[in-house]
Amino acid sequence: MEQTGTDSIVAHIRALKEERDAVILAHNYQIPGVQDIADFVGDSLELSRVAAAQRVPVIVFCGVDFMAETAAILSPKKTVLLPAGDACCPMAEMITAGEVRLLRNRFPDAAVVCYVNTTADVKAESDICCTSANAVNVVESLDARQILFIPDRNLGRYVARFTKKEVLPWEGFCIVHDRFTAKEVTEARRMHPGAEVLVHPECRPEVIDLADHVFSTSGIIRHVGTGPAREYVIGTEVGILHRIHKLYPDRAAYPLARHAVCVNMKKTTLSTVLSSLERMEPRIQVDTAIAARARTAIERMLAV
Ligand code: 13P
Ligand code: SF4
């Protein structure tokens with residue numbers, strides 16, 4: 001049987017992966033073809049745990065820069081490749097290490113909790129990291145009464161609903177999730193009256209108020225498999241629908257809005273994965289001193 005172009009790229013990736021002794025990790029927002037060749041697909045927390053546990057020398061990280069940086073910080077001796085070298089998270093650029101230092105001066109008794117969607121420099125200035133899957137537990141694990149939550153204002157406000165601590169969120173946001181509106185939720189409920197609405201905590205408070213449940217990306221996927229409804233409206237990036245449809249073909253899942261596309265997550269293609277394995281580039285490297293301090297914040301999170 002004749003091989004298609006895609007089959008041939010996939011075969012090359014598989015062969016090179018063996019040769020290089022590499023593992024491929026992909027975030028739930030990656031394009032279907034990339035999710036399908038990955039060894040692990042998951043949310044930020046799952047992928048950072050998987051990256052930390054890897055014994056192979058090469059990690060190909062199909063996601064955005066902060067995720068690959070986290071893997072490189074946790075595994076300094078490994079080669080971490082980010083196939084789309086320019087895939088960034090705009091939210092991570094919304095706070096700098098200098099701004100965190102200024103915050104610390106202003107609120108000397110507060111603990112700094114930083115979402116993993118941050119640069120290594122910012123992690124290095126923080127007490128502990130969190131992801132959307134563990135943010136409430138991380139905040140509750142701290143002794144401090146006052147929490148500087150950076151950089152996502154929406155996740156910060158969401159966490160504030162579940163704790164007696166004073167949460168002071170920074171004014172960052174996700175350019176994809178912050179665009180969902182309450183009107184879109186109302187319209188989706190009208191179109192799909194039997195569906196549950198599941199949203200990500202990066203959504204605005206008024207969207208969260210109207211949802212049935214709020215989860216990380218993998219939490220959303222799990223709930224579609226175990227929840228009581230047959231139909232779900234999904235308020236996060238549309239790439240997640242591939243995994244939902246694949247795992248639960250008997251359940252219907254609709255995007256809350258078709259505009260929810262993270263262009264940076266779509267920069268990784270089968271061709272960039274192949275090329276990164278061929279060239280062993282683009283490689284993510286983090287300054288040793290910064291990485292050591294950032295690792296403390298990430299490892300504290302993994303211990304919670
Ligand atoms: P998760 O950790 O829930 O996968 O979210 C990552 C992210 O970037 C959401 O926009
Ligand atoms: Fe960053 Fe938003 Fe894209 Fe997630 S969806 S990587 S938070 S821009």
Side-chain angles (χ1 to χ4, degrees), residues 25-31 34-35 38 40-52 61-71 82-95 113-119 122-123 129-138 149-156 158-159 169-180 198-204 207-208 211 213-224 234-244 255-268 298 301-302 304:
L25 311 186
H27 187 264
N28 289 320
Y29 296 159
Q30 291 291 294
I31 62 167
V34 169
Q35 291 194 29
F40 297 95
V41 185
D43 66 14
S44 308
L45 182 61
E46 290 168 335
L47 294 178
S48 56
R49 285 193 190 284
V50 169
F61 213 115
C62 304
V64 292
D65 52 4
F66 76 82
M67 297 179 172
E69 239 178 36
T70 302
L82 179 67
D86 62 340
C88 62
C89 170
M91 187 207 287
E93 309 300 323
M94 293 182 187
I95 188 161
V113 176
C114 98
Y115 194 23
V116 282
N117 299 41
T118 41
T119 61
V122 166
K123 288 184 177 76
C129 290
C130 75
T131 73
S132 63
N134 62 13
V136 175
N137 289 344
V138 164
F149 193 95
I150 58 170
D152 187 6
R153 64 182 178 207
N154 291 333
L155 182 59
Y158 177 68
V159 169
W170 188 250
E171 274 299 313
F173 58 91
C174 163
I175 55 172
V176 177
H177 290 83
D178 201 64
R179 276 185 71 197
F180 288 122
L198 312 180
V199 303
H200 195 274
E202 288 174 10
C203 293
R204 287 170 175 248
V207 169
I208 285 178
H213 298 285
V214 181
F215 295 118
S216 76
T217 55
S218 287
I220 289 176
I221 294 169
R222 274 191 293 277
H223 186 81
V224 172
I234 309 295
T236 191
E237 210 272 350
V238 295
I240 197 174
L241 291 164
H242 173 66
R243 194 149 171 236
I244 293 177
L256 174 55
R258 296 203 175 271
H259 59 65
V261 177
C262 175
V263 289
N264 284 288
M265 283 284 183
K266 306 305 177 207
K267 287 180 178 169
T268 313
I298 299 167
M301 165 186 85
L302 294 176
V304 168

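Counting starts at 1 for both ligands and their atoms, in listed order. Just so you know, these numbers use all the heavy atoms, side chains as well, and skip hydrogens, waters and symmetry mates. All residue numbers refer to positions in the sequence shown, counting from 1. Model, not experiment: these values are computed from the prediction.
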Test your reading of the model: is there a side-chain donor-acceptor pair from [X] to the backbone of [Y], 3.5 Å cut-off?
{"X": "S48", "Y": "S44", "result": "yes"}
{"X": "Q30", "Y": "M265", "result": "yes"}
{"X": "K123", "Y": "C129", "result": "no"}

Numbering the atoms of ligand 1 from 1, which are under 4.0 Å from a heavy atom of [X]?
{"X": "S44", "answer": "1 (P), 2 (O), 4 (O), 5 (O), 6 (C)"}
{"X": "Y29", "answer": "7 (C), 9 (C), 10 (O)"}
{"X": "S216", "answer": "3 (O)"}
{"X": "D43", "answer": "1 (P), 2 (O), 4 (O)"}
{"X": "S132", "answer": "1 (P), 2 (O), 3 (O)"}

request  = For ligand 1, note which part of N117 has a heavy atom under 4.0 Å away: side chain, backbone, both or neither.
outcome  =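 Side chain only; the backbone of N117 stays clear of ligand 1.
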ask   = So which bit of H200 gets within less than 4.0 Å of ligand 1, heavy atoms only: side chain, backbone, both or neither?
value =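 Side chain only.
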Test item: H177 and D152 side chains (from C-beta on) under 4.5 Å apart, heavy atoms =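 Result no, sub-4.5 Å side-chain heavy-atom pair not found.
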ask   = Would you call V64 and Y29 a side-chain contact if the rule is heavy atoms closer than 4.5 Å?
value =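 Sidechains of Y29 and V64: no contact.
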key: Number of protein N/O/S atoms that sit closer than 2.8 Å to atom 1 (Fe) of ligand 2   =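 Atoms of protein N, O or S type lying less than 2.8 Å from atom 1 (Fe) of ligand 2 total 1.
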task = Mind checking salt bridge (Lys or Arg N to Asp or Glu O under 4.0 Å) for D65 and listing every partner two or more places apart, or none if nothing turns up?
result =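 Per chain and number, D65 pairs via salt bridge (Lys or Arg N to Asp or Glu O under 4.0 Å) with no residue.
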key: Separation of T268 OG1 from Q35 CD (nearest 0.5 Å)   =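 Nearest 0.5 Å value for the CD-OG1 distance: 11.0 Å.
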query = Say you draw a straight line from OG of S132 to NE2 of H200; how long is it, rounded to the nearest 0.5 Å?
reply =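 Interatomic distance, S132 OG to H200 NE2, rounded to 0.5 Å: 3.5 Å.
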inquiry  = Tell me the protein heavy atom at minimum distance from atom 10 (O) of ligand 1, and give that distance in Å.
reply    =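 Sorting protein heavy atoms by distance from atom 10 (O) of ligand 1 puts E202 OE1, 2.9 Å first.
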ask   = Can you check ring pair (Phe, Tyr, Trp, His ring centres under 6.0 Å) on F61 and H27, steps first, answer last?
value = CA-CA 8 Å; F61 213 115; H27 187 264; 8.6 Å; no
message = Looking at every non-hydrogen atom in both residues, tell me the closest pair between A133 and D43 and how far apart they are.
response =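 Smallest heavy-atom distance, with atoms named: CB-OD2, 4.0 Å.
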task = Before accepting this row, confirm whether a basic side-chain N of the pair E46/R222 lies closer than 4.0 Å to the acidic partner's carboxylate O.
result =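 Answer for the salt bridge query: yes.
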query = With a 4.0 Å cut-off, would you call K266 and E237 a salt bridge?
reply =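 Here K266 pairs with E237 in a salt bridge, since their nearest N and O are under 4.0 Å apart.
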inquiry  = For a side chain to side chain contact (heavy atoms under 4.5 Å, CB included) check, start with the C-alpha distance between V207 and N154, then their side-chain angles and the critical distance, and finish with the verdict.
reply    = CA-CA 10 Å; V207 169; N154 291 333; over 6 Å; no
inquiry  = Within the 4.0 Å heavy-atom shell around E202, which atoms of ligand 2 are there?
reply    =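 Once the distances to E202 are compared, the set is 2 (Fe), 7 (S).
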message = Check for me whether H177 has a heavy atom closer than 4.0 Å to any atom of ligand 1.
response =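 Contact present.
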ask   = Closer than 4.0 angstrom: is that true for some heavy atom of F215 and an atom of ligand 1?
value =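 F215: no contact with ligand 1 (<4.0 Å).
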What do you reckon, does [X] have a nitrogen or oxygen under 3.5 Å from a nitrogen or oxygen of ligand 1?
{"X": "T131", "answer": "no"}
{"X": "H27", "answer": "yes"}
{"X": "T217", "answer": "yes"}

